[in-house]
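Okay, so here's the structure we're looking at.
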Amino acid sequence: MTKMSEQELKAIVSAEIADATAFAGGRLAEERRRALDYYLGEPFGNEQEGRSQVISTDVADTIEWILPSLLRIFTAGENVVRFEPTGPEDEEVARQATEYVNWIFQRDNPGFLIFYTLFKDALLQKNGIAKVWWEEDESAERETYLRKMLPELQLLLSDPDVEPIEHSAYEDRVVLPGPDGLPAEAAAELHDVTVIRRRRRGRVRIEPVPPEEFLISRRARSLNDAGFVAHRVRRTVSELTAAGYDRALIDRLASDDAPDLSPEAQSRRRLEEEAGPGSAGEVDRSRRELWVTECYLRVDWDGDGVAERRKVTVVGDGQEILDNEPYDGVPFVALTPIIMPHSFYGLSVADLVMDLQLIKSTILRQILDNLYLSNNGRHVISDQVNLDDMMTSRPGGIVRLKSGAVPSQGHVMPLETPLVAAAAFPVLEYLDGVREGRTGVTRYTQGLDADSLNKTATGISQIMAAAQQRIELIARVFAETGVKDLFRQILRLVGRHQNAPRIIRLRNRWVPMDPRSWSTEMDVSVNVGLGTGNRDQMLGHLHTILGIQAQAIQQQGGVDGPLVRLDNVYNTLAKIVENAGLKPAEAYFSRPSDQPVAPPPMQPEPPPDPQLLLLEQQ
């Protein structure tokens, strides 16, 4: 076996980066840039000077109406996901894993903002990408301790994370216990010490990745089967130096680095005030930026004939390798609202609406131009009319005629422009119907239909339920792809890297969590809730189930089964609390399994046998 050389690895990485960048920077980047411009209401490029330039905002309106429903679906309950036990003995482990992983997502990380960014990226730019990794943090704090005796000082300095930087010793009188146990003054040696206390902790980090920073091989169908996946981002010289990389190498490479020219990045940063050449980066070289690409690719590094996954971090397009190490899997999750089979990239909601926005904007512009011409039309004038007066249009303005000209002779004749706006409104109505059919966002869900009160409640409910199916389908696709993979990654990372129990607060109690003994291959089920249109229905069903459970308990003579137990009743009550928009459920009902089990009642001892007592006496 011949091990691969570093030059060969550089060549492979450079080729993969070039191919993935060309794929992401071509038609795909242009489509994402166009979607972002439509969302921001940027001009189309076909505007004419002196004509209406109004722009309809259908892309932004549709996405902003879908987002609240999606976020409510995933965040209405206390836990986003639930881990399923693989056997009867794993019930408690699965429950702890569920609580801990949801706690990490919502407390250690900004869970709501992560979902918001992921979902918005997916609805607008085809795919939402998130990076999930284990991060080791180290912090140093300065602490000062005064008037410590020698045993206290030795105990303080016995901590390996404590480093003394200043120390002074002196004699002084202190109060100490005397021989008789009573306090008494005595001379003692005291110490003042200043230390640096270093704290190390690891945690799971989750960060949404801008679409233009994510690279994947063009033939990939999913993240798991991709031969090359990378995160390409700009880092400053200061950040790379603080990470421990060679300062001389970083300085040399930073002078030749290329700027970010991706179309979607330029559209996103159009409103930002970017530093021009010769500004901060030229004055402070530590703030100069360069491309750093964190690559995850399959390559036969050890020469055994089998390609294994490795993490290779390079600067630029692969000129220098900063690190090269084995890695299992990829630290990314991806979701898309409309899956295209056998392709990694799907379709966004913006792709469904952009053509309608262009058509509606064109019709609106023509309607407004027609109104402008109707209200301030053109005129046919003779040479007897003062041209400057006709060019100045204002209320109450005067038009002068030359001497001898009479107004009744037809020197000023208006050109009539028929008002055709009324004929265009049915077309706009038709386009709104097409958009509703494509996206599921109807005027009923938006509360915009003035005639809704004249329709039956059953009819409105059926219309909303049919429209809501599109949004619920998007939610189910998100749940079964990116959301499920995200929480699997969290469980896998804490199982591999957390090496000590962690104390967290759950249900008003401090609970130790030690994932080292958990199985990282537990099944995951995502608790996808329902929108507000179905919440009342769900509450009605839950109350019906609760009534049936109460009848079953009466029939079976208690809560010990076999049909209904207290845990079943608690689960129903917890769902009622969640669907009522209140959480956590433990604030209203106590989980039966958390209650101390009462010992069985003491049975009275039977009276002693008289014959046995007689035998013992003998």
Side-chain angles (χ1 to χ4, degrees), residues 35 38-39 57-77 80-81 111-128 130 208 333-341 345-357 431-449 452 455 457-486 525-541 575 578-579 581:
Y38 271 66
Y39 177 84
T57 57
D58 292 76
V59 171
D61 295 343
T62 304
I63 291 176
E64 293 304 320
W65 273 106
I66 291 177
L67 267 177
S69 298
L70 287 177
L71 291 171
R72 186 185 300 113
I73 285 172
F74 284 93
T75 60
V80 180
V81 305
F112 177 84
L113 293 179
I114 291 171
F115 272 162
Y116 182 90
T117 306
L118 275 180
F119 294 170
K120 194 163 191 174
D121 278 344
L123 296 174
L124 180 59
Q125 297 194 301
K126 299 180 184 297
N127 290 70
V333 296
L335 47 83
T336 183
I338 304 173
I339 296 177
M340 295 298 292
Y345 289 102
L347 292 179
S348 66
V349 172
D351 293 331
L352 306 179
V353 184
M354 282 191 291
D355 61 332
L356 301 179
Q357 178 167 325
L431 293 175
D432 286 337
V434 173
R435 187 192 65 179
E436 293 173 1
R438 290 182 183 180
T439 63
V441 178
T442 69
R443 66 200 69 192
Y444 305 105
T445 58
Q446 298 175 0
L448 300 179
D449 186 16
S452 292
K455 299 181 174 67
T458 304
I460 292 295
S461 177
Q462 291 176 352
I463 294 174
M464 293 182 63
Q468 195 76 8
Q469 289 178 2
R470 297 297 300 269
I471 298 178
E472 290 181 0
L473 176 60
I474 293 176
R476 176 56 63 185
V477 171
F478 283 176
E480 297 297 331
T481 55
V483 174
K484 183 178 289 189
D485 293 340
L486 171 62
S525 62
V526 182
N527 293 332
V528 179
L530 296 174
T532 54
N534 293 327
R535 182 168 290 181
D536 292 338
Q537 282 185 340
M538 179 61 70
L539 282 173
H541 295 328
K575 284 296 181 182
E578 290 179 7
N579 280 274

Could you check whether any side-chain N or O of Asp351 sits under 3.5 Å from a backbone N or O of Ser348, counting only pairs where one atom can act as donor and the other as acceptor? yes

Nearest 0.5 Å please: distance from the CD1 atom of Ile63 over to the OG1 atom of Thr439. 10.0 Å

Side chain to side chain contact (heavy atoms under 4.5 Å, CB included) between Leu70 and Ile471, worked out: CA-CA 7 Å; Leu70 287 177; Ile471 298 178; 4.1 Å; yes

Which heavy atom in Asn127 sits nearest to a heavy atom in Gly346, and how many Å separate them? OD1-N, 3.6 Å

For Phe478, what residues pass the ring pair (Phe, Tyr, Trp, His ring centres under 6.0 Å) criterion, not counting sequence neighbours? Phe119

NZ of Lys126 to CG of Leu335, rounded to nearest 0.5 Å, is 14.5 Å

Report the residues that fulfil side-chain contact (heavy atoms from CB on, under 4.5 Å) with Ile338, sequence neighbours left out, ordered by chain and then residue number. Leu347, Leu352

Note: Ile339 and Pro341 closest approach over all heavy atoms is O-CD, 3.6 Å

For Gly482 and Val333, the nearest pair of non-hydrogen atoms, with its separation, is O-CB, 4.0 Å

Using the test side-chain contact (heavy atoms from CB on, under 4.5 Å), find all partners of Tyr116 that sit at least two apart in sequence or belong to another chain. Glu64, Leu67, Leu71, Lys120

Do Val59 and Leu124 make a side-chain contact, defined as non-hydrogen atoms from C-beta onward lying under 4.5 Å apart? yes

Interatomic spacing from CG in Asp61 to OH in Tyr39 - rounded to 0.5 Å: 9.5 Å

Results of side-chain hydrogen bond (donor to acceptor under 3.5 Å, both in side chains) for Thr336 - residues two or more places apart only: none

Not counting sequence neighbours, which residues clear side-chain hydrogen bond (donor to acceptor under 3.5 Å, both in side chains) with Asp485? List them please. none

State the CD1-CD1 distance between Ile66 and Ile474, to the nearest 0.5 angstrom. 5.0 Å

Closest approach of Arg435 to Thr62 (non-hydrogen atoms, all atoms of both residues): CD-OG1, 3.5 Å

Close side-chain approach of Tyr38 and Val353, heavy atoms under 4.5 Å: no

